[in-house]
2 protein chains.
Amino acid sequence: MEENIPDNQGGARHSRSNCELSQLSQLAELPVDTLKELARICRPLRFQTGQIVAHEGERPDFIGFVHSGILRMQKTLEDGRQHIVGLLVEGDMFGRVFDGPLNVSVESVADAEVCAMQRAPFESLLLRSPELDRVVLLNILDELDRARDWMIILAKPKVKERLAGFLMVLCSRFAGVDHILRAGSGTIDVKIPISRTDLAHLLGSRPESISRAFHALADGGSIAIKKPDLIEIQDMDALCVVAGDEDAGNHPTMEHLLEFLHGRDD
Amino acid sequence: MEENIPDNQGGARHSRSNCELSQLSQLAELPVDTLKELARICRPLRFQTGQIVAHEGERPDFIGFVHSGILRMQKTLEDGRQHIVGLLVEGDMFGRVFDGPLNVSVESVADAEVCAMQRAPFESLLLRSPELDRVVLLNILDELDRARDWMIILAKPKVKERLAGFLMVLCSRFAGVDHILRAGSGTIDVKIPISRTDLAHLLGSRPESISRAFHALADGGSIAIKKPDLIEIQDMDALCVVAGDEDAGNHPTMEHLLEFLHGRDD
DNA sequence: CGGACGCATTGACATCTCTCAAACTCTGCG
DNA sequence: CGCAGAGTTTGAGAGATGTCAATGCGTCCG
């Protein structure tokens, strides 16, 4: 019954008459025709913090593109707890094209704008637009890679290592998201978008251990805890060493990030 | 230089003049035309245990479909250790369509037959065959789901829970693979396709702890260790409880599996 | 047949993490 | 301003895991 675009039932509001699809970097290079068709079948939705965008086990009538804000994907365990399996930010896609029900729930972590593509016309357009098809395919492949990176982080035996890996992911993947990363004077501030409890579930631990791991990293000098949910990265290399050097040279350097972030502010 | 189909350099041997593609359940329902075209651009390769099928960081000239045997995907860490991020069995696909280099290595765990589709004609065919395109898309979506299921298993705090989850995955996903699952008289035998050391890497632990966890499960009565790499599932429900009931009702029952496996033997 | 080798197991101990409980911080509200 | 509530932090003890070393088991090969 709730398998429709949640514009009425879900409490989401239309933000504009149509999405500014070309702002999404992944879609920007599509042919004009395709973009026009996308705009026609797209409905912009707006979600407040904590709202459910899509329910696990349902088959929403839309494929979502995140336009702004942060969403989280989570699975519901038998005991009712929620387990986060990924975060979605600007440019990310969710929904199962051509396929059955979702097996994750999607919930907004911060106020979010989502472009909802009606399923049937979107799938039809996929068949006619090889370029769009390719964008969707690559998006899913990227998501798969990120899930595998997570697997490596989660397989670290110590909480401190997993937490450091999590911070590295935040730095490398969410650099373009203003809500999460900001440049300070020679340092980088990271906003932790989820609570200690959720972070504990995500990293396979408990809130207390997460807290201790944060302070252990701080004692090591690689980070500083400005507020419980605001971390200052002081030594990216040290953090990377703690994380276990997961991907040799594949992580962003402090200098690179600072340059990028300051460049954005100008 | 090694980015070609490894028929000469890699030591892989052609097994037949062409692949029996229609045997792959995922491809069986494709139109005859598409299957014929696939057969034309496909080269069957055969790998012995331990051979490298594709190297991380390279962009192989082919997209692989596993025809038989077991392969493992792994990432190389900075210290040279290999970290397994997934197993591939009959019907699975690997390779990055339309995209850049692989970020996993693929290595055969048991003697394996792989159908190697030449990249360029395969991508060309994808554009002309919506059915094939859809098969590829769904395959990747399934792989993504499996990776997320792994994340939940890996986030369990105790080794015994993660190991139980691993065994559940083996039961639910590899039921059709003769190398892994066999029905006994009222019980199910699972062949563990990787060593304790690799299993420890996969589950974020150490070989010694894995060994202890196996024996703890055996003491609990849910499994029996017939040989180090041959486990008898005695109580699927108990195993599921230990695993933490990750997906309520989403796991196979003992009865279902036994029925399925015996049906296959007849 | 025996010995070397790889792998799995077992034991002992240090370390880390979980658990439970209490104190603390921040925010919103009367 | 004080209070209540949620979330975070800290502390102490029990439990689980990592670590190191030694032993057991099977296979391969001389």
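Quick note on labels: first sequence line is chain A, next is B, and so on, each numbered from 1. Reckoned from all heavy atoms, side chains included, excluding hydrogens, waters and symmetry mates. Bear in mind that the values here come from a model prediction, so they are computed numbers and not experimental data.
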query: If only side-chain N and O atoms of B:Arg206 are considered, is one of them under 4.0 Å from the OP1 or OP2 phosphate oxygen of D:dT17?
result: no
message: Check this for me: does any side-chain nitrogen of one of B:Asp111 and B:Arg46 sit under 4.0 Å from a carboxylate oxygen of the other?
response: no
task: Taking only the side-chain nitrogens and oxygens of B:Ser209, find out if one of them lies under 4.0 Å from OP1 or OP2 of D:dT17.
output: no
message: With hydrogens left out and only the distance checked, is there a donor-acceptor pair under 3.5 Å joining A:Glu208's side chain and the base of C:dC20?
response: yes
query: What's the CD1-C1' distance between A:Ile194 and D:dT8, to the nearest Å?
result: 15 Å
- prompt: What do the steps show when you test B:Gln51 against B:Glu107 for side chain to side chain donor-acceptor pair (under 3.5 Å), and what is the final call?
  reply: CA-CA 6 Å; B:Gln51 271 191 299; B:Glu107 179 181 330; over 6 Å; no
d(CG, B:Leu230; C1', D:dG26) in whole Å: 15 Å
statement: Between A:Ile210 and A:Pro228, the residue closer to the 5' end of DNA chain C by nearest nucleotide is A:Ile210
query: Rounded to the nearest Å, what distance is computed from the CZ atom of residue A:Arg196 to the C1' atom of nucleotide C:dT17?
result: 17 Å
- request: Find the distance B:Asp229:CG to C:dT9:C1' and express it as a whole number of Å.
  value: 14 Å
message: Measuring to OP1 and OP2 of D:dG18, would you say a side-chain N or O of B:Ser205 lies under 4.0 angstrom away?
response: yes
task: Can you tell me the distance, in whole Å, between the CG atom of A:Leu199 and the C1' atom of C:dT17?
output: 16 Å
field: Pair A:Arg148 + B:Glu143, salt bridge at N-O below 4.0 Å
entry: yes
- prompt: Separation of B:Phe214 atom CZ from C:dC7 atom P, in whole Å?
  reply: 16 Å
- prompt: For the side chain of B:Thr197, counting heavy atoms from C-beta on, which of C:dA8, D:dT9, D:dC20 is nearest?
  reply: C:dA8
- prompt: When you measure from the side chain of A:Arg212, which nucleotide among D:dA12, C:dA8, D:dT9 comes out closest?
  reply: D:dA12
message: Between A:Arg162 (side chain only) and A:Leu203 (backbone N and O only), is there a donor and an acceptor less than 3.5 Å apart?
response: yes
query: Hey, is the side chain of B:His215 poking within less than 4.0 Å of OP1 or OP2 on C:dT10, counting only N and O atoms?
result: yes
field: Pairing of A:Asp149 and A:Arg173 as salt bridge, 4.0 angstrom limit
entry: no
query: What nucleic acid atoms does A:Lys158 come within less than 4.0 Å of, heavy atoms only: base, sugar-phosphate, or nothing?
result: sugar-phosphate
Residue B:Ile225, side-chain heavy atoms: nucleotide from D:dT9, C:dT9, C:dA8 that is nearest: C:dT9
query: In whole angstroms, how far is the P atom of C:dT15 from the NZ atom of A:Lys156?
result: 22 Å
message: In whole Å, I'd like the distance from the CG atom of B:Leu163 to the C1' atom of C:dT9.
response: 15 Å
message: Quick check: on DNA chain D, is the nucleotide nearest A:Pro157 upstream (toward 5') of the one nearest A:Lys227, or the reverse? Name the residue that is more 5'.
response: A:Lys227
